[in-house]
Amino acid sequence: MDDKQFVKEIANIDENFAGWYTDVVTKTELVDYGPVKGTMVIRPYGYAIWENIQKELDARFKAAGSQNAYFPLLIPMSYFTKEAEHVEGFAPEVAVVTHAGGAKLEEPLAIRPTSETIIGTMYAKWIQSYRDLPVIMNQWCNVMRWEKTTRPFLRTSEFLWQEGHTVHATEEEAMEETLKMLNVYKEFAENVLAIPVLTGRKTEKEKFAGALATFGMEAMMKDGKSLQAGTSHYMGQNFAKSFEIKYLDKDGTLKYGYTTSWGVSTRLIGAIIMAHGDERGLVLPPKVAPIQVIIIPVAAHKGGVNEKADEIENLLKEQGFKVKTDKRDMTPGRKFNEWEMKGVPVRIEIGPRDIENGVAMVCRRDTFEKTTVKLTELCETVKTLLDEIQNNMLSKAKIARDSHIVEADSLDGILKGVDGQNFVKAGWCGCRECEDKIKEYAQATARIIDSDAKEGEVCAVCGKPAKHKVIFARAY
RNA sequence: CGGGGUAUGGCGCAGUUGGUAGCGCGCUUGUCUGGGGGGCAAGAGGCCGUGAGUUCAAGUCUCGCUACUCCGACCA
């Protein structure tokens, strides 16, 4: 399918959202498929988005007292068996190296699916005293999980992420850290990615293998499905006990630490695509867009057009904007469409007529609004426009999401809700059976525990008194 | 792991009752164009996934294999 056909076929993105997503991802040159099933090659345009995400997150982590470090890719299999729930949860999806150096290895090596085990082992060596706490480290790396079905960015065998791992002296402090990082993610998602998220505790069924509590942030995609966009786990002393992370406290007794971990991945790029994309392709929030302003010279064969475009480019670059001038020998219309598909927030068209009048055409990606701007006011306009687009994208997404949250008090109500592409808030008694019934009946899972139930509220499944109000949704 | 589908040029596809492959896009060259996916002209590019079988003859029919994909189950 060529691009022209593509645009036609995605005219109604809700019709086949998954297909729309896959096409956008490949056609905008974000990724290519790797030779190994389920792996993706992140191309420069896609990777640049990731770099922007990294930069913004890293600043936040450091402000929260975290330091970056790096731990090995290969983890001895025996490390995994130390924490029973953890190994049970991850064993099915761990890829294992059995041979190296031309011989079979004595002990198989796991390719990290997550690094709690190896980091825990190292922390145990490093931590002696309460004076060593807290330990707050983060690593940017790749991990591998052999999933059965994969989709670029959303679920790939190998993906890039950051994983923060912390150790604290007390339960309170560790829980505080868990929630603090969850809020860092929330603030980041909303202010940088322009994606509103719901945060809250996960149910037992949905929590991380080995954690005492998992908190997550869930974002609503354009088709009403939910995407888990980040998680923060409170491990209690589970891992500390398995890996002997102990410290000598002020009172002279040896105590186990309390650990947490938190992570977000390249899945966030998928979230951006599915939360903001429209029938013409990607729409990137200015704060993560690899190119914020694309300049398109029109009738460039005429004298002075390319020179003017260069002049504008340099002017904007001096102001710190990410700018590119597209001088390829193609018709302008074609370039318009291409850069729209790639989600560039602002487009500037400059041709002989404009130069004569001392103006340029400026078009914004989020609303397609096109205005004539005096060249002398261009920098100002672009600056305001980028801010406006960033804000508009968030408020648009918020309105879209809030209008798709409904309440239900029965299984049928939940089914009807998710069929209508909604998040459904419902009472839940807290038992696994009812949760499973909802999954079976409505293909919806508990995304987060929204709040404690009030007096008189009942479980939507069994009718017994509800423990919590939970957000149910179909999920990616 | 269960059920369905697909495999033909870089991409998307067509190929009739068997007769040695065609279309659109892209690509190359030239030219006119250029403010929303341009026009004209000339080109390049294919062991039809793979192994066997039926036949004078297989992209086409039969069987096996492999890969990919969709829907379930499983999961960030």
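Nothing here was measured: the structure is a model prediction, and the numbers come from that model. So that the names make sense, note that chain A is the first sequence line, chain B the second, and so on, each numbered from 1.
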(message) How long is the straight-line distance from CD of A/Glu176 back to OH of A/Tyr258, given to the nearest 0.5 Å?
(response) 14.5 Å

(message) Before we go on, tell me: are the rings of A/Phe215 and A/Tyr185 under 6.0 Å apart, centre to centre?
(response) no

(message) Testing the 3.5 Å rule here: is there a donor-acceptor pair between the side chains of A/Glu187 and A/Asn191?
(response) yes

(message) For A/Trp262, run the ring pair (Phe, Tyr, Trp, His ring centres under 6.0 Å) check against A/Phe208, A/Phe188, A/Phe61 and tell me which one passes.
(response) A/Phe61

(request) Could you say whether A/Leu154 or A/Glu340 is positioned toward the 5' end of RNA chain B, judged by the nucleotide with the nearest heavy atom to each? (result) A/Glu340

(request) Select one nucleotide: of B/C75, B/G36, B/G35, the one nearest the side-chain heavy atoms of A/Glu147. (result) B/C75

(request) Please check if atom NZ in A/Lys186 has more than 12 non-hydrogen atoms from other residues, nucleotides or ligands closer than 6.0 Å. (result) yes

(message) Syn if the chi torsion is within 90° of 0, anti otherwise; quick check, which is B/U6?
(response) anti

(request) Identify whether any heavy atom of A/Ser157 sits under 4.0 Å from a base atom; if not, whether one sits that close to sugar-phosphate; answer base, sugar-phosphate or nothing. (result) nothing

(message) Counting the atoms with a prime plus P, OP1 and OP2 as sugar-phosphate, which does A/Glu93 contact under 4.0 Å by heavy atoms, base, sugar-phosphate, or nothing?
(response) sugar-phosphate

List every contact pair, protein side and nucleotides 69-73 of chain B side both N or O, where the distance is under 3.5 Å.
| residue | atom | partner | partner atom | Å |
| --- | --- | --- | --- | --- |
| B/U69 | OP2 | A/Lys37 | NZ | 3.3 |

(request) Using both pair distances under 3.5 Å as the test, note the stems of at least 3 consecutive Watson-Crick or G-U pairs that include RNA chain B. (result) B:1-7 with B:66-72, B:10-13 with B:22-25, B:27-32 with B:38-43, B:49-53 with B:61-65

Report, one line per pair, each donor and acceptor closer than 3.5 Å where one atom sits in a side chain of residues 39-47 of chain A; sequence neighbours left out.
| residue | atom | partner | partner atom | Å |
| --- | --- | --- | --- | --- |
| A/Thr39 | OG1 | A/Val36 | O | 2.5 |
| A/Tyr45 | OH | A/Lys342 | O | 2.6 |

What nitrogen or oxygen pairs link the protein and nucleotides 4-6 of chain B at under 3.5 Å?
none

Please tabulate the protein-to-nucleotide N/O contacts below 3.5 Å involving nucleotides 27-34 of chain B, giving atom names and distances.
| residue | atom | partner | partner atom | Å |
| --- | --- | --- | --- | --- |
| B/G34 | O2' | A/Ala299 | N | 3.3 |
| B/G34 | N7 | A/His301 | ND1 | 3.0 |
| B/G34 | N7 | A/His301 | NE2 | 3.4 |
| B/G34 | O6 | A/His301 | ND1 | 3.0 |
| B/G34 | N2 | A/Asp329 | OD1 | 3.4 |
| B/G34 | N2 | A/Met330 | O | 3.2 |

(message) Restricting to salt bridge (Lys or Arg N to Asp or Glu O under 4.0 Å), what partner residues turn up for A/Lys55, sequence neighbours left out?
(response) none

